[in-house]
Every structure is written in C-alpha cells, then in structure tokens.
Amino acid sequence: MSELTGKRALVTGASRGIGAAIALALAEKGADVAITYEKSGERAAEVVRAIEAKGRRGFAIQADSADAAAVKASVQDAAAKLGGLDILVNNAGIARGGPVAEMSLADIDAILDVNVRSVVLASQAAIPLLGQGGRIISIGSNLAERVPFPGVTVYSMSKSALLSFTRGLARELGPRGITVNLVHPGSTDTDMNPAQGETSDAQRALSALGHYGKPEDIGAAVAFLASPAARQITGTGLLVDGGANA
C-alpha cells in the first residue's frame, strides 16, 4: 500500500468527517499530509496523530476557507511544512438550506465563498507548486448533477460550478501532466448529514443501495484518483452516491 510514498498532500477542511477520512486514506497509501481546519483544533490534532501513527508526517494549519487570504496562505504554509506539494484536495465545504426566496445574502455569500471561491483560490495557489504527476481533486456533491428535492438550490449550484472549473482546469494543466478531478459524494454519514437525521430515510430511499455511505468510501475514491493508476483520468467527476443519481 505504498502508491503515494514520497507524495505530499494538502486536504482542506479535514478535522472531521469526509476530510479526515481523505487525509487518513492518503496517509495509508504513503503520503505525508497537511490539513486545514477552521475552529476544531483538538479534532485536527487527533487527525494529525492518526496520520503520524501510520508512519507519515502530518500537520494541521488553522485557516478559514471563507477568508481569501487565509486560503492562499494555507497552501504556501503546507508546502513549506511538507517540503513541496503534489496533491491538493479541496474538501472544505458548507451547507446552508432553504428556499431561494428566503435565503439571506450572508448565507448565499458564505456558500459561494467556501464552496466555490476557496476552491479556485487554493488551486490557483497550488498550481505553481505542482509538478508532473500532480493532482487537484475537489469534493463536489451528487446534487451538482441532480436536485431531487427543494431547499438545496444554492448549495447545488455551488457544487455544479465545480464541474466547469474542473473541466477547464484539466485542459489548462494537462500539458504539464497534472490531473484535475471531482469526487461527488452522495448521502454520507457525517456530522453534517447523519445517517439517523431528520431527512435520512428520504435520502436512503433515493439510493439504489438503500443505505448511507461512509466517509471512508470517499477517502478511497480520492486515494485512487491521487494514485498513478488514475493517470489517464482528468476533467471528470466520480459519483460515490450508492446509485442515487442512477
């Protein structure tokens, strides 16, 4: 399990849930991993300890993904701590629900700042640092391609924006041997969307498999896209949603 030995990765928003699972999956494959977190310092420290327990180097960097300057600085800080950068995983994201007619400007701005702008800015900062075989992988949502219920319109829009960004950036960076891809989780058991939440039964009913995914499912998909085995995959999105969009 050493496909990523010698690689250096940054995973944003990785103090818990999907981000933490991604960080650990990359470390399991041999990568040294830096993570960012906004407020959960102790949980971020736990993730770092878990990375180190796998024999890899781990670092936690405090950065609010809604803060443009902090996003850019975190990429530079990660590269400095790791001695370079090979893999960027844009995982940080937030969800704010409700009908469009009732959403506040603050909520709309927050969704766009974190889910879209931070992805662009982190990628922009990482591009000069990545070499041949570099990877940029963003975490989208199966709601980017299908919106099966009301109340998630702006969130879904923010994730669908990553489709065009990924395709365009794949074209720009392909000549340098850098791939750019998306992973689209479906209903995944996290603090943000627990498998026993108020809407969990309705979400399970949409899935072909009939159950929630686990954060580790997303971690495995990202680790594959980061590996040499995925060298011919770029500009695309991988659905990990139990067949909800089938």
Side-chain angles (χ1 to χ4, degrees), residues 11-23 25 38 65-66 88-100 103 107-120 122-123 136-170 180-195 197-225 233 235-246:
V11 184
T12 66
S15 63
R16 58 182 180 168
I18 289 173
I22 292 169
E38 181 186 1
S65 290
L88 169 66
V89 182
N90 292 304
N91 168 76
I94 61 170
R96 305 276 174 90
V100 172
M103 289 196 74
D107 280 345
I108 293 169
D109 282 346
I111 291 170
L112 296 179
D113 287 350
V114 176
N115 293 2
V116 181
R117 188 181 68 180
S118 74
V119 173
V120 176
S123 300
I136 296 178
I137 303 165
S138 299
I139 305 304
S141 168
N142 68 331
L143 297 178
E145 298 183 346
R146 181 185 178 209
V147 188
F149 42 80
V152 294
T153 304
V154 176
Y155 172 80
S156 298
M157 178 193 70
S158 74
K159 293 301 186 177
S160 66
L162 301 183
L163 290 165
S164 296
F165 180 72
T166 296
R167 291 166 182 154
L169 193 59
V180 187
N181 288 293
L182 269 170
V183 172
H184 291 303
S187 299
T188 305
D189 189 13
T190 62
D191 292 347
M192 185 182 293
N193 186 17
E198 292 182 5
T199 66
S200 58
D201 287 342
Q203 292 182 56
R204 269 189 287 271
L206 293 172
S207 168
L209 295 178
H211 58 74
Y212 266 51
K214 298 179 180 179
E216 292 77 12
D217 299 325
I218 313 304
V222 171
F224 166 68
L225 289 173
I233 301 173
T236 193
L238 175 61
L239 279 165
V240 187
D241 70 345
N245 281 13

Report task. May I ask you to test the Asn90-Ser118 pair for a side-chain heavy-atom distance under 4.5 Å? Result -> no
Query raised in the report: Can you find a heavy atom in the side chain of Ile139 that is under 4.5 Å from one in the side chain of Val222?
Result: yes
Query raised in the report: Any side-chain heavy-atom pair from Ile22 and Pro215 closer than 4.5 angstrom?
Result: no
Query raised in the report: In Å, rounded to the nearest 0.5 Å, how long is the span from OG of Ser187 to CG of Leu209?
Result: 11.5 Å
Query raised in the report: Of the non-hydrogen atoms in Gly235 and Asn181, which two are nearest, and what is the gap between them?
Result: N-OD1, 3.3 Å
Query raised in the report: Counting only N and O atoms by type, is there a donor-acceptor contact under 3.5 Å from the side chain of Lys159 to the main-chain atoms of Glu145?
Result: no
Report task. Specify the closest pair of heavy atoms between Ser200 and Gly197, including all atoms of both residues, with the distance to one decimal. Result -> OG-O, 2.8 Å
**Report entry** pair His184-Asn245: side-chain heavy atoms closer than 4.5 Å
**Finding:** no
Query - Any donor-acceptor N or O pair under 3.5 Å, side chains Thr188, Asp217 - result: no
Query raised in the report: Looking only at atom types and distance, does a side-chain atom of Asp241 sit under 3.5 Å from a main-chain N or O of Ser207, one as donor and one as acceptor?
Result: no
Requested in this report: Just do the side chain to side chain contact (heavy atoms under 4.5 Å, CB included) check on Thr236 and Leu238 with the steps written out, would you?
Outcome: CA-CA 7 Å; Thr236 193; Leu238 175 61; over 6 Å; no
Query raised in the report: So, for Ala25 and Ala220, which heavy atoms are closest and what is the spacing to 0.1 Å?
Result: CB-N, 4.4 Å
**Report entry** Under 3.5 Å: donor-acceptor pair, side chain of Ser164, backbone of Ala161
**Finding:** no
Report task. Without swapping roles, check the side chain of Asn142 against the backbone of Ala244 for a donor-acceptor pair under 3.5 Å. Result -> no
Requested in this report: To the nearest 0.5 Å, tell me how far Leu88 CG sits from Ser138 OG.
Outcome: 7.0 Å
**Report entry** Approximate separation, where rounding is to 0.5 Å, of Ser123 OG and Ile137 CD1
**Finding:** 11.0 Å
Query - Spatial distance of atom OG1 (Thr166) from atom CD1 (Ile136) [nearest 0.5 Å] - result: 9.0 Å
Query - Of Val119, Ile94, Asp109, the residue whose pairing with Val114 passes side-chain contact (heavy atoms from CB on, under 4.5 Å) - result: Ile94
Query raised in the report: Do Met157 and Ile108 come close enough that some side-chain heavy atom pair is under 4.5 Å?
Result: no
Requested in this report: Return yes if some donor-acceptor pair links the side-chain N/O of Arg204 with the main-chain N/O of Tyr212 below 3.5 Å, else return no.
Outcome: no
Query - Side chain proximity check, Ile233 to Phe224, heavy atoms < 4.5 angstrom - result: yes
Query - Test item: Thr12 side-chain N/O and Asn91 main-chain N/O as donor-acceptor pair under 3.5 Å - result: yes
Report task. Can you spot which of Val240, Asn193, Ile18 makes a side-chain contact (heavy atoms from CB on, under 4.5 Å) with Pro185? Result -> Ile18
Report summary line: Interatomic distance, CD@Glu216 vs CG@Asp189, rounded to 0.5 Å, equals 9.5 Å
